[in-house]
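Here the structure comes first, spelled out in structure tokens, and everything after it is commentary.
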Amino acid sequence: MMGEFAGKHVFVAGASSGINLEIAHAFGAAGAKVTVLSRSEEKIAAAAQGLRDAGATALGIACDVRDYAGLEAAFANAVAAHGPVDVLVSGAAGNFLAPALKTSANAFKTVIDIDLLGTYNVFRASWDHLTKPGASLIAITAGQAVHPMAFQIHACAAKAGVNMVTKCLALEWGPAGVRVNAISPGPIADTEGMRRLADPVREAKIKKSLALRDYGTKADIAEAAMFLSSPAAKYITGTILNVDGGNDLGDASADALGLGG
Ligand code: COA
Ligand code: NAP
């Protein structure tokens, strides 16, 4: 896709590491001007420098997605530097494994505030700064949105809300030519998310249970974000795109399929 996004402004929230930083790199390599945002001044400065070292035009902004006024200022600054936002990815998230009885009200609220309210804040604060018509908005959700999981009551509730924010905004903002979709990654290798959720023993079990029998890569998610933001996807809105090796289908282990071994 080299050059396809030349001169476009791609804004990625939650992009100091992992999947979202990879998305920023992919768009940067395709010629986009990139803005990356996350809480940590130090981490986001390093991420922006890494993008510039790779040849991209990149701006790093430190801001917490729970801070609405901070986001308004962030969009104003980003647009002053790079012009209206053509592609907006909202992927800031927090997660940890904890049974409900060890999840305090504040722990639950914290994940809801980062993942769900944060996604709403990022999208809502972007409105005045989007390319209209034409902008592509992408939320990064997760399988937890539709599959209840033990020890993740906070993330399940938050990501279920993210799916609905995606669909409701797709309805309301479609007439202005703004498409809103979400990507639901499966287990992705070499990410903080999977480091928190699976040790090596559990990792082997997860791989056996997936139809495609392996973790995905950060590049798999970046490619999907580029597809959703390309002219090829101009009639796609309100979609939750699973990029998950079949995770959404359920357990595909040989045992579960009745194939033995
Ligand atoms: N088990 C149970 N509760 C936990 C917890 C855990 N492992 N980790 C944090 N909490 C609770 C805290 O105890 C606190 O609740 P309390 O006030 O009742 O004690 C609450 O969550 C907020 O914690 P705090 O550390 O103040 O939140 P934060 O805003 O600084 O950080 C987190 C947010 C907790 C989600 C943190 O893990 C984070 O920054 N994550 C980002 C990276 C990440 O999760 N990546 C994977 C993305 S899928
Ligand atoms: P990650 O590297 O920890 O990325 C999370 C990012 O969010 C970091 O850049 C973090 O940077 C930022 N962030 C966290 N809280 C923030 C806040 N309050 N305000 C602003 N930025 C904040 O995790 P990842 O595993 O790559 O996950 C990325 C996304 O993919 C998440 O939405 C996650 O739910 C989703 N996902 C991941 C997997 C997986 O296999 N890893 C599977 C399904 C879905 P700072 O610390 O600098 O703020």
Side-chain angles (χ1 to χ4, degrees), residues 1 4-15 19-20 23-24 26-28 30-37 59 61 63 65-93 115-142 145 158-185 221-243:
M1 301 218 191
E4 189 171 327
F5 293 96
K8 301 281 186 192
H9 182 184
V10 177
F11 188 118
V12 188
I19 290 170
N20 305 321
I23 291 172
F27 278 107
K33 295 175 282 186
V34 184
T35 302
V36 286
L37 175 148
L59 172 68
I61 299 179
C63 177
V65 295
R66 294 168 284 192
D67 172 7
Y68 191 80
L71 285 172
E72 288 184 309
F75 277 110
N77 289 337
V79 166
H82 292 161
V85 176
D86 299 292
V87 177
L88 173 59
V89 179
S90 178
D115 294 28
L116 174 54
L117 183 60
T119 297
Y120 181 75
N121 286 346
V122 167
F123 284 171
R124 179 65 188 84
S126 76
W127 175 255
D128 287 341
H129 306 287
L130 297 174
T131 299
K132 295 191 281 286
S136 163
L137 274 51
I138 300 173
I140 307 298
T141 184
K159 294 294 194 183
V162 168
N163 285 14
M164 272 300 167
V165 165
T166 300
K167 292 181 188 195
C168 291
L169 285 185
L171 272 177
E172 290 198 28
W173 292 1
V178 174
R179 295 181 303 106
V180 189
N181 293 291
I183 295 172
S184 182
I221 308 306
E223 292 283 350
M226 295 177 91
F227 163 68
L228 284 175
S229 304
S230 74
K234 70 179 174 42
Y235 203 52
I236 301 178
T237 197
T239 290
I240 313 296
L241 178 61
N242 293 321
V243 184

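Side chains are part of it too, since the values below use all heavy atoms of this structure and drop only hydrogens, waters and symmetry mates. Numbering starts at 1 and runs along the sequence shown.
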Q. Minimum heavy-atom separation for A13 to N20, with atom names?
A. O-ND2, 4.1 Å
Q.
Tell me the closest heavy-atom pair linking M226 and A30, and the distance in Å.
A. CE-CB, 3.5 Å
Q) Considering residues, nucleotides and ligands other than R124, do more than 12 of their heavy atoms fall under 6.0 Å from its CZ? A) no
Q: Find out whether T237 and W173 are in side-chain contact, i.e. whether some heavy atom of one side chain is under 4.5 Å from a heavy atom of the other.
A: no
**Q.** Distance (rounded to the nearest 0.5 Å) between I221 CD1 and I19 CD1
**A.** 5.5 Å
Q. Quick one: are V243 and S184 in side-chain contact, heavy atoms under 4.5 Å?
A. no
Q: Evaluate the side-chain contact (heavy atoms from CB on, under 4.5 Å) criterion for residues I61 and V36: first the C-alpha distance (whole Å), next the side-chain angles of each, then the deciding distance (0.1 Å), finally the verdict.
A: CA-CA 6 Å; I61 299 179; V36 286; over 6 Å; no
Q | side chain to side chain contact (heavy atoms under 4.5 Å, CB included) partners of A225, counting only residues at least two apart | A | I23, F27, I138, I183
Q: For residues A232 and F227, report the shortest heavy-atom separation together with the two atoms involved.
A: CB-CE1, 3.9 Å
Q. Between V87 and S229, what is the shortest heavy-atom contact and its length?
A. CG1-OG, 3.5 Å
Q: For A74 and F11, work out which heavy atoms get closest and say how close.
A: O-CE1, 4.4 Å
Q: To the nearest 0.5 Å, tell me how far N121 CG sits from E72 CD.
A: 9.5 Å
Q) Any sub-3.5 Å donor-acceptor pair from N181's side-chain atoms to G238's backbone N or O? A) yes
(Q) For the residue pair K132 and W127, would you count it as a cation-pi contact if the rule is NZ or CZ under 6.0 angstrom from the ring centre and within 45 degrees of the ring axis? (A) yes
Q. Can you find a pair of side-chain heavy atoms, one from L37 and one from L71, that are under 4.5 Å apart?
A. yes
Q | Any residue meeting side-chain hydrogen bond (donor to acceptor under 3.5 Å, both in side chains) with H82, in chain and number order, not counting sequence neighbours | A | T35
Q: Could you tell me the separation between the CG atom of L137 and the CG atom of L228, rounded to the nearest 0.5 Å?
A: 11.5 Å
Q | Closest approach of A81 to L59 (non-hydrogen atoms, all atoms of both residues) | A | CB-CD2, 4.1 Å
(Q) If you define the side chain from C-beta out and look only at heavy atoms, does anything of S136 sit under 4.5 Å from R179? (A) yes
Q. Under the 3.5 angstrom rule, does the side chain of T239 hit a backbone N or O of L241 as a donor-acceptor pair?
A. no
Q. Is K33 atom NZ crowded by more than 12 heavy atoms from other residues, nucleotides or ligands, each under 6.0 Å away?
A. yes
Q | Pairwise side-chain contact, L130 with V178, heavy-atom cut-off 4.5 Å (strictly under) | A | yes
Donor-acceptor pairs under 3.5 angstrom involving side-chain atoms of residues 160-171: please list them, not counting sequence neighbours.
from : atom 1 : to   : atom 2 : distance (Å)
N163 : OD1    : T141 : OG1    : 2.7
T166 : OG1    : V162 : O      : 2.8

Q: Determine, step by step, whether S126 and V85 satisfy the side-chain contact (heavy atoms from CB on, under 4.5 Å) criterion, reporting the C-alpha distance in whole Å, the side-chain angles of both residues, the deciding distance to 0.1 Å, and the verdict.
A: CA-CA 8 Å; S126 76; V85 176; 6.0 Å; no
Q) Under 4.5 Å between any side-chain heavy atoms of S230 and E4, yes or no? A) yes
Q) Heavy-atom distance under 4.5 Å between the side chains of F123 and S90, does that happen here? A) yes
Q.
Under a 3.5 Å distance rule, please check whether D86 uses its side chain to pair with a backbone N or O of V10 as donor and acceptor.
A. no
